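Owing to the predicted nature of the structure, the values given are computational and were not obtained by experimental measurement. By convention here, the first residue in the shown sequence is residue 1.
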Amino acid sequence: SIINHHQSSSIIMSSMNFSSSKQVVRPPQRGIFPLDHYSECRAVMETYLSCLHSNKDMHHKCKHLSKEYLECRMDHELMAKEDLNKLGYAPDARVMGAREYDKAKEREGYIAGKHMDKPNKWWFQS
């Protein structure tokens with residue numbers, strides 16, 4: 001009796017069809033775009049990454065290259081056409097207050113997360 005019940009329930013479960021529900025396909029969110037499978041913008045991307053590396057990741061020093069990269073992606077339909085002026089590439093757009101991090105804290109012995117070894121008390125603990 002138990003075996004028959006088990007067999008009949010597995011038959012019912014295997015015959016259930018979940019594909020009748022409709023899937024809703026949505027366009028990608030802004031800022032999400034297809035990969036460059038054919039490497040159409042690879043050279044521009046590599047130049048930009050090289051610039052970042054040589055400038056200690058100070059992105060504002062490579063702004064002209066990031067603009068070229070976005071233009072390349074738009075030209076090859078790898079992202080939607082956007083007004084680059086609205087994305088911070090307007091001729092009068094400037095990066096204000098950017099400075100290189102000098103690691104002064106680390107030189108003085110600071111270790112990120114070191115305070116974590118102390119027991120923490122939550123608001124509800126006495």
About how many Å separate [atom2] of [Y] and [atom1] of [X], when rounded to the nearest 0.5 Å?
{"X": "Cys41", "Y": "Glu71", "atom1": "SG", "atom2": "CD", "answer": "10.5 Å"}
{"X": "Tyr48", "Y": "Ser66", "atom1": "OH", "atom2": "OG", "answer": "5.0 Å"}
{"X": "Ser50", "Y": "Leu65", "atom1": "OG", "atom2": "CG", "answer": "9.0 Å"}

message: Counting only heavy atoms from other residues, nucleotides and ligands, does the tally under 6.0 Å from NZ of Lys81 exceed 12?
response: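 More than 12 within 6.0 Å, yes.
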message: On a heavy-atom basis, which atom in Leu84 and which in Lys67 lie closest, and how many Å separate them?
response: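 Closest approach of Leu84 to Lys67, heavy atoms only: CD1-CG, 3.8 Å.
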- request: Considering non-hydrogen atoms only, spot the tightest contact between Gly88 and Ala93 and give its length.
  value: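 Minimum heavy-atom separation between Gly88 and Ala93: O-CB, 3.5 Å.
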field: Test side chain to side chain donor-acceptor pair (under 3.5 Å) applied to Glu77 - qualifying residues, sequence neighbours left out
entry: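 Expected list: none.
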- request: Report yes if the side chains of Thr47 and Glu68 come closer than 4.5 Å at any heavy-atom pair, otherwise no.
  value: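 In short, these two side chains do not touch, never coming nearer than 4.5 Å.
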message: Checking side-chain contact (heavy atoms from CB on, under 4.5 Å) between Leu52 and each of Lys61, His59, Met58, which is the one that passes?
response: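 Result for side-chain contact (heavy atoms from CB on, under 4.5 Å) with Leu52: His59.
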field: Test applied, side-chain contact (heavy atoms from CB on, under 4.5 Å); reference residue, Tyr69; option that passes from His64, Glu46, Met45
entry: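 Testing each of His64, Glu46, Met45 against Tyr69, the sole residue satisfying side-chain contact (heavy atoms from CB on, under 4.5 Å) is Met45.
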query: Stepwise, does the side-chain contact (heavy atoms from CB on, under 4.5 Å) test hold for Leu70 with Met74?
result: CA-CA 6 Å; Leu70 292 175; Met74 286 187 259; 4.3 Å; yes
